[in-house]
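Both counts, for ligands and for their atoms, begin at 1 and track the order of listing. Residues: numbered from 1 along the sequence shown. The figures here come from the full heavy-atom set of this structure, side chains too, leaving out hydrogens, waters and symmetry mates. All of these numbers come straight from a predicted model, not from anything done at the bench.
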Amino acid sequence: MKYKGIIFDLDGVICHTDKYHYLAWKQLADKLGIYFDEKINNRLRGVSRMDSLEIILENYNGSLTATEKENYSEEKNNIYKRLLEDMSPSDLSKEVKDTLDQLKEDGLKLAIGSSSKNARYILEQLGLEGYFDAISDGNNIEKSKPDPEVFLKACEYLGLSPKECLVVEDAKSGLEAAIEGGMDQAAIGDAVYTQLATYDLATFSDLLKCIR
Ligand code: BG6
Ligand code: MG
């Protein structure tokens, strides 16, 4: 095996919560009269909730106080969490689950490295509570991706060095974080177009080809 551990981004890699992020931000942007589309939404991948709001506000004709920003980001999160309530283990694809199971069988340690503060709730909804060997998420970091902190913490929780770990990401910010942190990276989804990663995955199960 080339690696001892694999660190997975959550939103857009293990599950498709990215569509719920879009819907929740869209609702808030519409309320504030701010232009927001899928292209702008793509820039929010991997970025923290507050930093995402700042990107959305680039198209706002006005200014908000720190308290207003706090309130709006909380409002978005409440909409988002209501959407997450409908998630269930059926939202975890068989391909993803089978691949994860195979990696575990191969003796690899598996971790989550996500900027989200809702990561544990999402894992519960998917029936993956207690499945990963370590979880590093938005609750244990100061700086979000592209800073490598979330992945370095995941390595630390796994008891492995960055060189022993592979990061799986769907976001440019996440690939940059892994590169900066000294880990190899596998890109999936739109992240393959960045041409930044060690490996480009056409589909999740391709991961099995990268580790041997
Ligand atoms: C990342 C998403 O996983 O989590 C971002 O890709 C999101 O779009 C970030 O902004 C923070 O998520 P949350 O759940 O803490 O608002
Ligand atoms: Mg992602």
Peer 1: Can a donor-acceptor pair be found between the side chains of Asp37 and Tyr35 at a distance below 3.5 Å?
Peer 2: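 A pair is found: one side chain offers a donor N or O, the other an acceptor, under 3.5 Å apart.
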Peer 1: Give a yes/no verdict on a cation-pi contact between Lys76 and Tyr80, requiring under 6.0 Å between NZ or CZ and the six-membered ring centre and an angle within 45° of the axis.
Peer 2: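 Output yes; distance and angle both within limits.
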Peer 1: The Mg ion (ligand 2) is nearest to which N, O or S atom of Asp170?
Peer 2: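 Answer by atom name: OD1.
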Peer 1: Would Tyr20 and Asp86 count as having a side-chain donor-acceptor pair, cut-off 3.5 Å?
Peer 2: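 Per modelled atom types, Tyr20 and Asp86 side chains form no pair under 3.5 Å.
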Peer 1: Kindly tell me which protein residues have any non-hydrogen atom under 4.0 angstrom away from an atom of ligand 1, grouped by chain and ordered by number?
Peer 2: Asp11, His21, Leu44, Arg45, Gly46, Val47, Ser48, Arg49, Ser52, Tyr80, Ser114, Ser115, Ser116, Lys117, Asn118
Peer 1: If we ignore hydrogens and angles and just use 3.5 Å, is the side chain of Asp106 paired with the main-chain N or O of Leu108 as donor and acceptor?
Peer 2: no
Peer 1: Would Lys104 count as a cation-pi partner of Phe132, with NZ or CZ less than 6.0 Å from the six-membered ring centre and within 45° of the ring normal?
Peer 2: no
Peer 1: Picking from Asp170, Ile14, Leu175, Ile188, what satisfies side chain to side chain contact (heavy atoms under 4.5 Å, CB included) with Asp9?
Peer 2: Asp170
Peer 1: Heavy atoms only: give me the nearest Asn41-Asp18 pair and the separation to one decimal.
Peer 2: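 Looking at all heavy atoms of both residues, the shortest contact is ND2-O, 4.1 Å.
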Peer 1: How wide is the angle at the Mg ion (ligand 2) spanned by Asp9 OD2 and Asp11 O, rounded to 10 degrees?
Peer 2: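 With the Mg ion (ligand 2) as the vertex, the angle is close to 90°.
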